[in-house]
Every structure is written in C-alpha cells, then in structure tokens.
Amino acid sequence: MAWSLLVVAGALEIIFAVAMKSSDGFTRMLPALVTVASGLSSVLLLSLSLRSLPVGTGYAVWTGIGAAGTSVVGMIALGDPVATARISSIALILAGVIALKFVG
C-alpha cells in the first residue's frame, strides 16, 4: 500500500509542477489552485507512505518520479527541448527509482 501511495504522490508532484508553470507566477487562478491542491496532496501522500518506507528511499522515489515525469511532460506537451542526453538522464533517474524499489 505504501508504494501505491508513493506512486500517486509522485504523479501529483508532476501535476504540481506543470500547474505551477501554467499558473504564470500565480497570476492565473485555476492553475494556481491546482498547484496548491496537488502540492499539498502530494506531500500528504508522501508522509503517509513514509510510515512504512525508509525516508531516504521514499523521498528519493518521490522526487525521481516527479523529476522524470515532469521532464517527459515538458518535452511532450510544453515544448521543452528533446535531446539524447536529456532522455538518457531521465532513464538513469528511472533506473535508480526502480533499483530503490527492489533494495528497499
């Protein structure tokens, strides 16, 4: 259950980052509200998952999902540059997240 909460928390972290970009410095109300709601929800679910996961593993997985997912969404939907080095780096982050799942 803790891993499921952590994955959902990571997905909410992606929503948080994209909504923050869309809020245009918190000048657009709806994206700003989504930013706050998804950020708070993400941290809440992370804290619940840390009841049974080691803090280092949980936090690393949470940030890894958020960083890799936000990068992918940025490249696909927001026009961020696509480069081999960027995609390779995302793959390394995901490999680390998967490895932490199996050693934790």
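Bear in mind the structure is a predicted one, so any value in this text is a computation, not a measurement.
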A.B. asks: Quick one: do Val36 and Ile15 end up in the same hydrophobic cluster if we chain Ile, Leu, Val, Met, Phe, Trp and Tyr together by side-chain heavy atoms under 4.5 Å apart?
C.D. replies: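 Different hydrophobic clusters.
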
A.B. asks: Say whether Val82 and Ile90 are linked into one hydrophobic cluster, either directly or through other cluster members, by side-chain heavy-atom distances under 4.5 angstrom.
C.D. replies: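 Cluster IDs for Val82 and Ile90 match.
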
A.B. asks: Over all heavy atoms of both residues, which pair between Ile65 and Ala11 is shortest? Give the atoms and the distance, please.
C.D. replies: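 Here Ile65 and Ala11 meet closest at CG2-N, 4.0 Å.
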
A.B. asks: Is there any ring-ring contact (aromatic ring centres under 6.0 Å, His included) pair reaching into residues 14-55, and which pairs are they, with sequence neighbours excluded?
C.D. replies: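 Output for this query is empty, none listed.
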
A.B. asks: If hydrophobic clusters are built from ILVMFWY residues whose side chains come within less than 4.5 Å, do Met75 and Ile14 share one?
C.D. replies: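 Met75 and Ile14: separate clusters.
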
A.B. asks: Would you say Ser42's side chain and Ser38's backbone share a donor-acceptor pair under 3.5 angstrom?
C.D. replies: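 No; judged by distance alone, with no hydrogens or angles, the pair does not exist.
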
A.B. asks: Closest heavy-atom contact between Ser23 and Thr35?
C.D. replies: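 Scanning both residues, the minimum pair turns out to be CB-OG1, 4.4 Å.
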
A.B. asks: Which atoms form the tightest heavy-atom contact between Trp3 and Leu100, and what is the distance?
C.D. replies: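 Scanning both residues completely, I find the closest heavy atoms to be CH2-O, 4.3 Å.
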
A.B. asks: Between CG of Leu53 and CE of Met1, what distance do you get to the nearest 0.5 Å?
C.D. replies: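 With rounding to 0.5 Å, CG (Leu53) is 12.0 Å from CE (Met1).
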
A.B. asks: Transitively linked via ILVMFWY side-chain contacts under 4.5 Å: Ile76 with Leu94?
C.D. replies: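 Yes, it is one cluster - the side chains of Ile76 and Leu94 are joined through contacts under 4.5 Å.
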
A.B. asks: With a 4.5 Å cut-off on side-chain heavy atoms, are Arg86 and Pro81 touching?
C.D. replies: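 SC-SC contact between Pro81 and Arg86 confirmed.
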
A.B. asks: When hydrophobic residues are tied together by side-chain contacts of less than 4.5 Å, even through go-betweens, does Val103 share a cluster with Tyr59?
C.D. replies: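 The answer is yes; both residues are in one hydrophobic cluster.
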
A.B. asks: Could you pull out the closest heavy-atom pair between Leu6 and Gly58, with the gap in Å?
C.D. replies: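 Closest approach of Leu6 to Gly58, heavy atoms only: CD1-O, 3.5 Å.
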
A.B. asks: Working to the nearest 0.5 Å, report the span between OG of Ser88 and CD1 of Ile93.
C.D. replies: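 It comes to 11.0 Å.
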
A.B. asks: Can you name the residues that form a side-chain hydrogen bond (donor to acceptor under 3.5 Å, both in side chains) with Ser49, not counting sequence neighbours?
C.D. replies: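 Counting only residues at least two positions away or on another chain, Ser49 forms no side-chain hydrogen bond (donor to acceptor under 3.5 Å, both in side chains).
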
A.B. asks: Please say which of Val97, Ile98, Leu46 ends up in a side chain to side chain contact (heavy atoms under 4.5 Å, CB included) with Val61.
C.D. replies: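 Running side chain to side chain contact (heavy atoms under 4.5 Å, CB included) over Val97, Ile98, Leu46 with Val61 returns exactly one hit, Val97.
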
A.B. asks: Do you know which two heavy atoms are closest between Val34 and Ala19, and how far apart they sit?
C.D. replies: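 Scanning both residues, the minimum pair turns out to be CG1-CB, 3.7 Å.
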
A.B. asks: Is the closest side-chain heavy-atom distance between Trp62 and Leu12 below 4.5 Å?
C.D. replies: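 A side-chain contact is absent here, since even the closest heavy-atom pair is not under 4.5 Å.
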
